[in-house]
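Note sheet for the following structure.
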Amino acid sequence: MASLAWLLIPLFAAIGAGIWGSWAARDRTQGDISELAGYARFREAMAHADQTRPKTEAHSGSDAV
């Protein structure tokens, strides 16, 4: 009976490895598409914010009082 228990350990390890392997190899393209769309919206917002920002003169460090 003890030898059967020792044979079950590699069996459970193989089943666990198969489950992990199928989870790691899953298709994740949907997440990439939404991430890229969010990044494109972020870039558009930053470009819009840069265009609407008023232009100010640069000050030197001696102007700070």
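The model shown is predicted, which means the values in this text are computed figures rather than measured ones.
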Sequence neighbours left out, what passes side chain to side chain contact (heavy atoms under 4.5 Å, CB included) with [X]? Give chain and number order.
X	value
L8	L11, F12
W20	W23, A24
L4	M1

Residues clustering with M46 (ILVMFWY side chains joined when closer than 4.5 Å, directly or via others):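 Joined to M46, directly or through intermediates: Y39, F42.
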